Amino acid sequence: MNTKLKAMDQELIKKTEELTYKDKLMGITETIPDSVWSLMVDHAVDVTFDPDTAHPRLSLSDDNKCLKFGELKEKKDCENFKEKGQGSSSMKFDEENKEDTGHLGGKPTENSMLNASGKDKDKKTGLLNRIMKKGQNKEGTLKVEEVRKEEATENLEEKCKGTKIKFNQNTCVLGMEGYEKGTHYWEVDLGKKSQWSVGIAQETEGRDNIQMYPENGFWSICYKDKELKTVERSSTFLPIELKPEKMGVLVDYEGGQITFFNVEKKCHIHSFCGMFTKKLYPFFGPLIDCKEELKISPVVQRDKPSTSGNC
């Protein structure tokens, strides 16, 4: 009986400590006064996603303010074109070259060659050479439509390959504008997303084959598998009670500090410190199979006290 009583006392002490810890966490919402928060918000910047850096499986909204895990429009165009043999690029190709090809399945008209001059002539001659090279069947009839499809497909596939600055391995995207001086603040609407990573990435030549740790120029925190933690070699697990639905990010370039805030609770989540030598970009990484949207949230500017002497 004494052993059981001791065990119950220890359990009670443990529960009390846990409640006290949570109370302290909830209490830190008041550690950032309105006056300080207003000064931080004064550094708000307009952030948009840079589609040129987006991983091919990320879908961006037309205004580049929202994203989710999916597929980019260019990749869908490629697949649709291959499946259906038609697409926006094909129609554009048709429109630009209809006078060269005469009518579908026919030979180029003599007038189109006579009227061509300068760059137009070179362009038209190049088109005709491609048609003559690629578009003849056994009877020698020009298969113009096949050449159109092939040319349009090549153009779309070239777009789908991406560039050196695109993330092709990690499902990430950068902000459009980078910063190499000053203080900047923005907010991200995470809502009830099941997983995400948000932070800062320094300017770099490549986006792949690199571990996204601070020593490589990536400072971020992530939420995954119901855990909130820093993204580094030895991750720091953060109190889950601080998980934000709207997160604020503050970059102090000269001060060498990147800070994350829970906007609803107006409290500090985590800070990275270091020395910055390259341009810094907002960094966003919805993880694989996360279907919920991640949004750039407009920063609410608080009313400042009036300095007028009027009553």
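On a predicted model such as this, the values are computed, not experimentally measured, just so you know. The figures that follow rest on heavy atoms only: side chains count, while hydrogens, waters and symmetry mates do not.
- Here F218 and F283 bring their ring centres to under 6.0 angstrom of each other.
- Contact check for H184 versus W186: side-chain heavy atoms found under the 4.5 Å cut-off.
- Qualifying salt bridge (charged side-chain N to carboxylate O under 4.0 Å, His left out) partners for E245, counting only residues two or more places apart in sequence or in other chains: K192.
- Salt-bridge annotation for K65 and D46: present, with a side-chain N of the basic residue lying under 4.0 Å from a carboxylate O of the acidic one.
- Residues F284 and V188 are in side-chain contact: their nearest non-hydrogen atoms beyond the backbone lie under 4.5 Å apart.
- Distance CE/M212 to CZ/F167: 4.5 Å, rounded to 0.5 Å.
- Within the 4.5 Å cutoff, the side chain of F261 has no heavy atoms near those of the M247 side chain.
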Criterion salt bridge (charged side-chain N to carboxylate O under 4.0 Å, His left out) on K193 and E293, from CA distance to verdict: CA-CA 8 Å; K193 282 177 65 62; E293 282 191 335; over 6 Å; no
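- Y213 and E232 make their closest contact through CD2-CA, 3.4 Å (heavy atoms, listed as atom of the first residue, atom of the second, distance).
- Contact check for I240 versus K226: no side-chain heavy atoms found under the 4.5 Å cut-off.
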From CA spacing to verdict: side-chain contact (heavy atoms from CB on, under 4.5 Å), R233, E215: CA-CA 9 Å; R233 291 189 185 278; E215 58 264 34; 2.5 Å; yes
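- Under a cut-off of 6.0 angstrom, the local environment of NZ in K243 is crowded, with over 12 non-hydrogen atoms contributed by other residues, nucleotides or ligands.
- Residues passing the ring-ring contact (aromatic ring centres under 6.0 Å, His included) test with Y253 are F276, sequence neighbours excluded.
- Side-chain contact of T230 with S235: a donor-acceptor pair under 3.5 Å is absent, judged by distance alone.
- Annotation for D63: atom CG counts as buried by contact number, over 12 foreign heavy atoms lying within 6.0 Å.
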